[in-house]
Structure formats: C-alpha cells, structure tokens
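The structure appears below as structure tokens.
Hydrogens, waters and symmetry mates play no part in the numbers below; they use all other heavy atoms, side chains included. Chain A is the first sequence line, chain B the second, and so forth, proteins listed ahead of strands; every chain is numbered from 1.
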Protein chains: 2
Amino acid sequence: MTKKIQVVLAEDQAMVRGALAALLETEPDIAVCASAANGRDALAAIAKQKPDVLVTDIEMPEMTGLTLAGEVQSHFPQTRVVILTTFARPGYLRRALDSGAKGYLLKDRPSAELADAVRRVHQGMRVIDPDLAAEAWDSGPDPLTDRERQILWRAGEGKSSAEIADELHLSEGTVRNYLSEAISKLGASNRVEAARIARAKGWL
Amino acid sequence: MTKKIQVVLAEDQAMVRGALAALLETEPDIAVCASAANGRDALAAIAKQKPDVLVTDIEMPEMTGLTLAGEVQSHFPQTRVVILTTFARPGYLRRALDSGAKGYLLKDRPSAELADAVRRVHQGMRVIDPDLAAEAWDSGPDPLTDRERQILWRAGEGKSSAEIADELHLSEGTVRNYLSEAISKLGASNRVEAARIARAKGWL
DNA sequence: TGCCTTTCATGACATCTGTCACCTCACTTT
DNA sequence: AAAGTGAGGTGACAGATGTCATGAAAGGCA
C-alpha cells in the first residue's frame, strides 16, 4: 500500500474530536496525525505536519473553521479542506467555498461518508452535500450589510436600540433605521424574527 | 475476561453516533450492541437488548434524552443511563437526575472519560460533571411556571404578544403580564434577554 | 367553611420599536 | 464642476412592549 492519507482534525468538543479520530483510525488508509480544539492550534499543527487533508468544524473559539479554511488555502494550498459541521446554512457553505474548502459535509450524514469524503478530496474531487448546495443556490446571497449584521446580532442578544447605539457610537435613530432595513430585507416582522432568520441562513 | 459491558447509544447526528461507537469499540471491555437516532428508537432497542448502559444525547427528535431516561428508569431499571450532551445547563442536569440518570457528561470532556463513565456507572457509581454540579447547586431551581415557560418560548421565537395570545387563547394583556413576570424573575430587561437567560439555564 | 394560591383579565401609563420622509457630509465617478 | 453614492442622522408618528394596581373565578387544604 502507498502511504496513508495524513489528516489533521479541528473540532472544539473534545469528546467528538476523540470519537472522530477513532472513527478515521479504523480506516486502513487514513491516519490522524494531529488534532486541535480551535482554528489557531490547527493552523500551527498544519504548518508543522503539512497534512494531505484538514477536517474541520466551523464554530470554534479563537478562529472559526471558515477563517481557518481561508488561511490554509493561502498558506498551505497542498492541504485540502473538508468542513464538517452541524449547520446546514447556505451562508456557511458559500463562505466555505469562497475560502477554498473542497468539501462540505454535515454531521447528520452517515459516519461512513467521512472517510469517503477524505479520500475523494485527497484525490482532487469536491464533496458537497447535494441538498444543501441546492438550498444555497435558491436562497440567494447574504443581503445584509456589515452594519446591519453587527446591529442585528446585538439585537438578537437582547440588547435595546439605545444600548446598541452606545456600543457602536451611533445615534439611536440610526440603529432603528438599520434594524428596520434588516427586518424588511429578511421579510421578518420584528427584530427577534429577523435575527432568527439570519442565524438560520448562516448570515450572522 | 467476563462478559463485555453492553451499551446502547442514542444520538441524533449520524456522524457523531458512528464516531462515538467507534470510540467505545476501541475498548476491550465494552460493546455497542445497538444505536439509535432518537429516543423512541432507542427505547425499542433497549426493550430488545436489555443493555447494561444507555449513553444518550439530550436534544433529539421524537423523544428527548431526558424523557428517555425517565422511561428507561421506570421500565428497564437494570439499564443505567449516562447523559452525554453539549449543554452545561443546570436545569438539564437537575431534570436528568430527577429522571434517574446515573451519569451526566459533557461533550467538552476528553474522549477517554466516556469509557470511564460507562464502567463506573455500570459498577453502580454516579458520574456527574463536577463544575456543572456546583453551578446547578447555586443557580437554584427553575423559577418559571408552565405558562411563563410556554409564553417566553414563543416570545423568543420572535412572536408578538398578540400572536402568542391568539395561539394560547389568552388576552394580550395576560401575555404581557406573564412576560413581565418572567423578565423580572430572570433579572432581564426585556423578553429577548429573558429568553436567552432561560435557554442558557436549560429552563426552556 | 374560610383562607390561600393560581390563573386569567382590565385599564392606565411610560417607554421602546418600527417606519418613513428628508437631511448632511465625505467620497467617487464622469 | 456636477452628479451620484453610501454612511449616518433627525423628527414625527403609530403601534408594540413592560409595569403596576386591582379584581374575578377556580381549586387545594386545614
């Protein structure tokens, strides 16, 4: 047999990280050469190990998987990236592909697909969840501006317009204007629903 | 060696389920005899297999891990339950223990602890995450009434007072009263923050 | 029987939210 | 130089939200 496919694993939940490593180690042609609990550590491991494939979660402390994918793409292009996440959010998929990820796999999928995805991506193929790809296509791009995103995020945390204005050094009226705009763009009827929709799409 | 510890696994994310099974299978004294994607299927598996230990997630479709723990406790008391979840929520821990669970483990913990927990619980010990137990102790019991919970849940989804009133056949004023009460009990300053706090504590 | 607790309801009030028309100021573009 | 363009702001208004005092009806229990 030729050399095993070297994989680095990035996932913040230690239990899941260990379990995924155990899963990949059951494959005779795959070896997990390092694993990390956040994007920053993963990047350091990649610099040292130069693995064939990175399998990474998205929501992690320090550096998200999406940012990590971008860094890997620009500094270590020989390492292919597979995103492995809970979230079937069109915005996430779009950003993942923009960041150079070659695979996007959901944690809902059968565990056998992980090793498959690693092998395919290693061979230069792309592996994208087909349902999600279709959804991403017809849900369109993120309609929010940066300001709207910042403000909607805080509103979703339960902050009042006045508090948000204070934090961002804006007037309260301006904050209300941005929220109004975001609400109408998302077809919501108030800030809470708008935040919910934006979160579901992966735009927050 | 004596017979292996028989484990049933309940976890809705297929990838994680498969990975956890692979992890447990690496232990020489543990065997995963069945796994299920929701509480209902898990209960059926337990009825058939009569396993020593059930390892279950909390948030699952059809039947949550907490409800499942209660069912197992009353119908199959010889099966000990270990809750394995992402959520460090005092309310979840409390309900888990009330439902007869013998273990409560976070997915943040090192993967080696899972097999340990299974062994200990099998021997009749309890395994509770110590930090979470302390937090649960001083955060007190759920202060919300059923009505307040129902209403706060819907408010957190972005529904207006009028919509909630309609859904629950109450007057709008009554809904506002309950929300006001919930907001003050939780020390929040509006409905959104109140919902956030309640979710974080595991009370929603 | 009387007392207590829950649940639900009103009305009144102050404040917060969402919407809209319109304005300023600093940049680009042409 | 004139005409956009985008970020930010103002003021006004209707409607939603949060608070409080008060009260009716229903069940538990001593």
Side-chain angles (χ1 to χ4, degrees), chain A residues 91 94-95 98 139-201 203-204, chain B residues 90-91 94-95 98 139-204:
Chain A
R94 201 171 285 250
R95 278 190 271 161
D98 287 348
S139 88
D142 183 348
L144 301 175
T145 66
D146 288 344
R147 267 306 192 210
E148 286 161 359
R149 213 189 325 285
Q150 286 174 30
I151 290 173
L152 189 53
W153 164 273
R154 286 167 173 79
E157 300 269 281
K159 297 199 167 118
S160 68
S161 307
E163 287 172 318
I164 297 171
D166 218 60
E167 247 179 79
L168 300 181
H169 309 294
L170 294 172
S171 83
E172 192 185 327
T174 302
V175 169
R176 296 223 300 282
N177 285 341
Y178 279 120
L179 276 172
S180 180
E181 189 59 26
I183 290 166
S184 102
K185 278 180 178 176
L186 298 174
S189 59
N190 59 52
R191 52 179 70 194
V192 185
E193 197 187 348
R196 258 176 48 81
I197 293 172
R199 264 194 292 268
K201 294 283 193 178
W203 294 332
L204 269 195
Chain B
R94 201 172 284 251
R95 276 191 271 162
D98 286 349
S139 88
D142 183 348
L144 301 175
T145 67
D146 288 344
R147 266 304 194 212
E148 287 162 359
R149 214 189 324 285
Q150 285 175 31
I151 290 173
L152 189 54
W153 164 273
R154 286 167 173 79
E157 301 269 281
K159 296 195 168 125
S160 69
S161 306
E163 287 171 320
I164 297 171
D166 217 61
E167 247 178 78
L168 301 181
H169 309 294
L170 294 173
S171 83
E172 192 185 327
T174 302
V175 169
R176 295 222 301 281
N177 285 342
Y178 280 120
L179 276 172
S180 181
E181 189 59 26
I183 289 166
S184 99
K185 279 180 178 176
L186 298 174
S189 59
N190 59 53
R191 52 178 69 193
V192 185
E193 198 188 346
R196 257 175 49 81
I197 293 172
R199 264 194 292 265
K201 296 283 192 180
W203 294 333
L204 268 194

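- A side-chain contact (heavy atoms from CB on, under 4.5 Å) with A:R154 holds for exactly one of A:R149, A:E163, A:E167; it is A:E167.
- Using a 4.5 Å heavy-atom cutoff, the side chains of A:L179 and A:R176 are not in contact.
- The CD1 atom of B:I164 sits 11 Å away from the C1' atom of D:dT17 (whole-angstrom rounding).
- Between A:R191 and A:I183, the shortest heavy-atom distance links the atoms N-CD1, 3.6 Å.
- Between B:R147 and the phosphate of C:dC8, there is a side-chain N or O to OP1/OP2 separation shorter than 4.0 Å.
- Following rounding to the nearest Å, A:E148 (CD) and D:dG6 (P) show an atom-to-atom distance of 12 Å.
- Among the candidates A:W153, A:Y178, A:W203, the single residue satisfying the side-chain contact (heavy atoms from CB on, under 4.5 Å) test with A:E148 is A:Y178.
- Atom NZ of B:K185 and atom P of D:dG18 are 16 Å apart (whole Å).
- One atom, CD of B:E193, and another, C1' of D:dG18, lie 14 Å apart when rounded to the nearest Å.
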*Go through the steps to decide whether B:R147 and B:L170 satisfy the test side-chain contact (heavy atoms from CB on, under 4.5 Å), and finish with yes or no.*
CA-CA 11 Å; B:R147 266 304 194 212; B:L170 294 173; 3.9 Å; yes

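- For the side-chain contact (heavy atoms from CB on, under 4.5 Å) criterion with A:I164, the lone passing option out of A:T174, A:L152, A:V175 is A:V175.
- For A:Y178, a side-chain nitrogen or oxygen approaches OP1 or OP2 of D:dG8 to under 4.0 Å.
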*Which letters describe nucleotides 10-23 of chain C, given B = protein heavy atom under 4.0 Å from base, S = only from sugar-phosphate, - = neither?*
B-B----BBBB---

